[in-house]
**Student:** 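I have a structure here, written as structure tokens, and I will follow up with some questions on it.
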Amino acid sequence: MQEKILDLRQPLTKAEEGGTAPAAFSVKDLRLTFANGHEIKYPDIQVKPGEKVLLTGANGTGKSTLFKLLVGEAAASGGQISFFDQAGKKVKPDRTKIGYLPQQAVLLPSSVMNNITMFDPELESKAKASAADAQLSEAVDSWPQGLETPVDLAGDNLSGGQKQKVVLARAEVRDSQLLLVDEGTSAIDQAAGRKILDKLLQSKQTVVLIAHNLTKEERDLFDREVALRA
Ligand SMILES: Nc1ncnc2c1ncn2[C@@H]1O[C@H](COP(=O)(O)OP(=O)(O)OP(=O)(O)O)[C@@H](O)[C@H]1O
Ligand SMILES: [Mg+2]
């Protein structure tokens, strides 16, 4: 039988009908074979509702790919992924309700506001608070148009760290029960990064964060660390 290879899908945009917002997950015997034959085998992982987990491992060990498998952007070659609600009951997931910050997050040529709300007008009232949580307030206050400042992709009017903060605010504003953050603070200065980390770790959300550059003290703030190996 032919081995199934990585199937890179479009991000899910439509809610998965009849599905529940996942708060936790587990993976068992999960593996993925790429077209070039390279295989990633994951250890069995269980993340409980509300847990704060640091996901580490050297470059190429499959951290980002694990998030893609969880949100449905990639398909596994074998094994199981299960999702659970806040009470720990197994559910059929609506994976569009997972908060996901990809390693290469994309900004759109529109206002900072629209980049945070992703054009959902119901989220506009919360955008300011989310921007504050992402340590973006100082920058927003300094822009004459505030949150209505256009993101000029060609002109690069936002710094790398400011762009990451916009994307963090985008994840924050949806209030998802499960948040997957792939190196979301790598371009953000130490002081702001620490504040963002504190906010994430004080929240009720289940948080899995991939980071390379945390201090020992910062790592100790998590409930536990899951280390992937090649
Ligand atoms: N679409 C793909 N096709 C082929 N190989 C891929 C693909 N995506 C990822 N890989 C390979 O899978 C492995 C895991 O990649 P992944 O991006 O998950 O690593 P990572 O742990 O997030 O690394 P980093 O710390 O550098 O971000 C790497 O060896 C990578 O080359
Ligand atoms: Mg990665």
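Both counts, for ligands and for their atoms, begin at 1 and track the order of listing.
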**Student:** Does N36 reach ligand 1 with a nitrogen or oxygen that is under 3.5 Å from one of the ligand's nitrogen or oxygen atoms?
**Tutor:** no

**Student:** Counting from 1, what ligand 1 atoms have a heavy atom of I40 closer than 4.0 Å?
**Tutor:** 12 (O), 13 (C), 14 (C)

**Student:** Please confirm whether G62 approaches ligand 1 to less than 4.0 Å, judged on its heavy atoms.
**Tutor:** yes

**Student:** Could you check L200, L197, V53 and say which one makes a side chain to side chain contact (heavy atoms under 4.5 Å, CB included) with F222?
**Tutor:** L197

**Student:** For residues T20 and D85, is any side-chain donor paired with an opposing acceptor at under 3.5 Å?
**Tutor:** no

**Student:** How many angstroms lie between atom CZ of R31 and atom CD1 of I40, to the nearest 0.5 angstrom?
**Tutor:** 12.0 Å

**Student:** Counting both backbone and side chain atoms, is some N or O of G60 under 3.5 Å from an N or O of ligand 1?
**Tutor:** yes

**Student:** Residue-level breakdown please: for D182 versus ligand 1, do any non-hydrogen atoms fall below 4.0 Å on the side chain, on the backbone, on both, or on neither?
**Tutor:** neither

**Student:** Spell out the protein N/O/S atoms under 2.8 Å from the Mg ion (ligand 2) as residue plus atom name.
**Tutor:** S64 OG, Q103 OE1

**Student:** When you look at D198 and K195, which way does the salt bridge (Lys or Arg N to Asp or Glu O under 4.0 Å) test go after all the steps?
**Tutor:** CA-CA 5 Å; D198 284 339; K195 284 184 193 152; over 6 Å; no

**Student:** Which of the numbered atoms in ligand 1 are under 4.0 angstrom from any heavy atom belonging to Q103?
**Tutor:** 27 (O)

**Student:** Can you tell me if H212 has a non-hydrogen atom under 4.0 Å from ligand 1?
**Tutor:** yes

**Student:** Is there a side-chain contact between L32 and E39 in this structure, where contact means two heavy atoms from C-beta onward sitting under 4.5 Å apart?
**Tutor:** no

**Student:** Are side-chain N/O atoms of S186 and Q164 paired as donor and acceptor at under 3.5 Å?
**Tutor:** yes

**Student:** Verify the distance criterion only: is there a donor paired with an acceptor across the side chains of T56 and E225 at less than 3.5 Å?
**Tutor:** yes

**Student:** Check the side chains of T215 and E217 for a donor-acceptor pair under 3.5 angstrom, ignoring hydrogens and angles.
**Tutor:** no

**Student:** Which of the numbered atoms in ligand 1 are below 4.0 angstrom from a heavy atom of H38?
**Tutor:** 29 (O)

**Student:** State whether a side-chain donor-acceptor pair under 3.5 Å links E51 with T206.
**Tutor:** no

**Student:** Using a strict 4.0 Å threshold on nitrogen-to-oxygen distance, state whether D156 and K163 make a salt bridge.
**Tutor:** yes

